[in-house]
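This report concerns only the one structure given below.
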Amino acid sequence: MAKISVDRLRNIGISAHIDSGKTTLSERILFYCDRIHQIHEVKGKDGVGATMDSMELERERGITIQSAATNVQWKNTVINIIDTPGHVDFTIEVERSLRVLDGAILVLCSVAGVQSQTITVDRQMRRYKVPRIAFVNKCDRVGANPYRVRDQIQEKLGLNAVMINLPIGLEDKHLGVIDLVHMQAVYFEGQDGRDIVRKEIPNEYTKQAEEYREKLLDAASMFDDELAELYLEGQEIPAEVIQRAIRKGTVSLEMVPVMCGSAYKNKGVQELLDAVTYYLPAPTDVENTALNLDDNEAPFVVKVDDGEPTIALAFKLDDGQYGQLTYVRIYQGHIAKGIELMNTRSRKKFKVGRLVKLHASTMEDIEYAGAGDIAALFGIDCASGDTFCSPGINVAMSSMYVPNPVISLAIEPVDKKSADQMAKALNRFTKEDPTFRTFVDPESNQTIIQGMGELHLEVYIERMKREYKAEVNTGAPQVAYREAISQKADFNYTHKKQTGGAGQYGRVAGYIEPINLEEGKNYEFVDQIKGGVIPNEFIPSCDKGFQTAIQKGTQIGFPIIGVRVVINDGQYHPVDSSDIAFQMAAIGAFREAFPKAGPVILEPIMKVSVEGPTEFQGNIFGSINQRRGVILSSTEEGSYCRVEAEVPLSEMFGYSTALRSMTQGKAEFTMEFLRYARVPSNIAEELKKAYEAKRKAEQNK
């Protein structure tokens with residue numbers, strides 16, 4: 001492909017709620033741009049599946065899991081396209097794509113309209129200031145109503161949505177679209193709708209077309225003085241003037257053109273491609289800033305110019321069969337084979353070896369990629385969000401927003417071979433996906449994985465089995481309980497041990513008492529020894545012994561917190577006393593006093609914030625009450641409500657799935673650790689029994 005001028009380049013994403021037809025639309029775009037020669041369906045009967053769903057799991061489930069990249073040429077414009085997932089669990093794929101895109105197609109179902117994930121995607125587009133075209137898909141389905149969807153875009157998303165084409169017929173009578181800019185009826189005939197036929201608007205649609213053209217001209221006149229003048233004077237307005245005004249409104253984020261069609265029935269896709277080239281911005285139309293690391297991270301605007309020093313952002317990693325593939329968006333300068341670049345985070349320099357253009361799971365080698373383009377590099381050691389730049393400049397692009405994981409699972413390999421493979425898989429997945437995290441719990445020694453939802457973790461466990469042949473068992477992770485005391489208790493303990501030679505001797509006396517945990521102290525040691533009854537050199541040994549004792553409580557085997565230890569008396573032996581003797585005396589003293597100090601079990605309490613439509617407020621309240629939660633406040637903003645509550649962590653497992661099912665997938669929640677609080681007595685008894693049973697089982701092994 002010959003190098004094309006940057007103003008003929010478009011970097012776009014296709015985003016929507018799950019099952020709105022994004023991948024089907026991508027498939028048609030590839031077909032009409034002669035990228036593929038046969039159309040495959042998402043859940044294809046031919047066993048092939050959609051081109052952009054290149055992962056076996058995606059084809060089986062009929063959903064998009066990873067964003068896929070491709071590039072096509074439509075007329076004289078090159079379009080880099082990223083097809084992103086619609087499921088909320090894979091939200092990072094949408095985040096990382098929107099971070100590097102200049103424009104987007106927001107796909108909506110003409111029956112379901114604006115859904116929960118549409119709202120989330122819109123929020124993400126606003127975060128990165130991405131201009132968009134709305135495509136109301138599935139106009140051939142029963143109950144299709146693109147006019148209602150346009151109203152929902154205005155009401156629920158607060159966007160200035162303006163129809164620029166109308167459907168000719170709906171449901172099984174959907175025949176084509178009316179182009180309101182040229183005032184023509186457009187039909188898609190021939191095999192697979194390849195032949196575009198333009199005719200006069202049928203009589204029964206003339207009045208409606210004139211009414212909506214008036215609305216379009218009225219909205220577009222706000223962005224172009226020439227159009228406003230011609231419109232007020234009632235003169236004929238050339239199509240290019242209308243297109244220029246729509247483009248200005250769209251690029252400035254003040255207008256969203258709405259188009260209709262049916263990707264599955266091959267109607268309206270070529271018109272949408274024309275709209276992408278007319279109305280969505282080129283890289284030169286978008287202002288991107290980088291941070292100068294040599295000047296206190298002062299922001300500066302990057303220049304979309306091949307001759308400038310290179311600045312590129314690694315926005316996605318993919319560890320495939322040929323090694324690590326790094327997707328990069330070039331903001332300034334160029335990348336060519338053999339040039340040297342530097343990773344500003346690791347400060348490492350590297351030479352560009354293989355440079356490729358992606359087409360779903362296949363690729364083409366290229367020699368050169370210029371400013372504004374998206375390409376991929378092979379064999380570069382980096383992390384998602386790293387900036388590459390020419391040696392001599394020290395800059396970084398601001399990274400993408402990474403939401404915190406909300407769910408965790410404990411996993412364990414079934415055998416040694418699986419353990420090695422599991423470690424490799426976890427290393428790769430955490431590098432690829434910033435929302436997937438893993439750590440080993442120091443208390444339970446379990447490997448814990450964290451993610452955005454149960455489907456998210458399910459997919460990674462399935463990928464471990466398929467791609468790494470790692471068989472793992474999963475289970476709910478152990479909640480990080482704590483033990484504490486509720487009252488003061490005295491101790492007076494003597495440690496004596498005689499074994500032939502020098503023995504061990506140490507006596508410590510004093511008391512333990514609870515500390516208020518809100519003071520931020522978990523343990524305090526107070527030395528009140530007078531008269532040298534315990535020599536100074538053995539005082540730290542006593543402290544060390546008490547610290548060892550609180551690492552594991554006797555009720556359920558968890559660390560003890562909120563304890564002040566005061567020693568005020570003791571005794572030593574000039575020969576038999578030693579560091580170890582006083583450590584053992586302190587451990588024994590604590591174990592003597594702990595049962596008398598009113599021991600209690602504490603559990604982590606989370607601050608939970610649930611957001612969802614007001615119509616489900618009662619369901620949200622009920623779900624929190626069922627989980628031993630305490631509702632603190634509830635606020636309503638328009639048709640949405642936010643509920644703030646405190647809920648024990650042990651009750652929050654599986655909440656994401658329960659919340660989605662009770663709110664039709666429209667609510668989402670966040671949670672963070674707040675404090676430790678006492679466990680109700682019935683649950684404390686259950687925990688003690690479970691710990692006792694576990695201890696007995698271990699002893700019998």
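If you check the side chains of Gln450 and Thr438, you find no donor sitting under 3.5 Å from an acceptor.
Listed by chain and number, the residues in a ring pair (Phe, Tyr, Trp, His ring centres under 6.0 Å) with Tyr676 are Phe673 (sequence neighbours excluded). Residues passing the ring pair (Phe, Tyr, Trp, His ring centres under 6.0 Å) test with Phe594 are Phe590, sequence neighbours excluded. With sequence neighbours excluded, the residues that form a salt bridge (charged side-chain N to carboxylate O under 4.0 Å, His left out) with Lys688 are Glu685. For Asp527, the salt bridge (charged side-chain N to carboxylate O under 4.0 Å, His left out) criterion is met by no residue, not counting sequence neighbours.
Using a 4.0 Å cut-off between a side-chain N of Lys or Arg and a carboxylate O of Asp or Glu, Lys488 and Glu513 do not qualify as a salt bridge. Arg132 and Asp122 are joined by a salt bridge, as a carboxylate oxygen and a charged side-chain nitrogen come within less than 4.0 angstrom of each other. Using a 4.0 Å cut-off between charged side-chain N and carboxylate O, Lys129 and Asp102 make no salt bridge.
Using a 4.5 Å cut-off on side-chain heavy atoms (C-beta onward), Val440 and Ile448 make no contact. The side-chain heavy atoms of Thr118 and Leu108, taken from C-beta on, include a pair separated by under 4.5 Å. Side chains of Tyr523 and Ile515 form no contact here, defined as non-hydrogen atoms less than 4.5 Å apart.
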Please tabulate, for side-chain N and O atoms in residues 544-561, each donor-acceptor pair with protein atoms closer than 3.5 Å (sequence neighbours left out).
residue, atom, partner, partner atom, Å
Gln547, NE2, Asp543, OD1, 3.3
Thr548, OG1, Lys544, O, 2.9
Gln555, NE2, Glu483, OE1, 3.3
Gln555, NE2, Val600, O, 3.2

Side-chain donor-acceptor pairs under 3.5 Å in residues 644-654, sequence neighbours left out?
residue, atom, partner, partner atom, Å
Glu644, OE2, Ser609, OG, 3.4
Glu646, OE1, Arg675, NH1, 3.0
Glu646, OE1, Arg675, NH2, 3.1
Glu646, OE2, Arg675, NH1, 3.4
Ser650, OG, Arg628, NH2, 3.4
Glu651, OE2, Arg628, NE, 3.0
Glu651, OE2, Arg628, NH2, 3.4

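Atom CZ of Arg678 has 12 or fewer heavy atoms from other residues, nucleotides or ligands within 6.0 Å.
The two residues Ser418 and Glu471 make their nearest non-hydrogen contact at OG-N, 3.1 Å.
Relative orientation of the Phe436 and Tyr460 rings is tilted, given thresholds of 30° and 60° on the angle between their planes.
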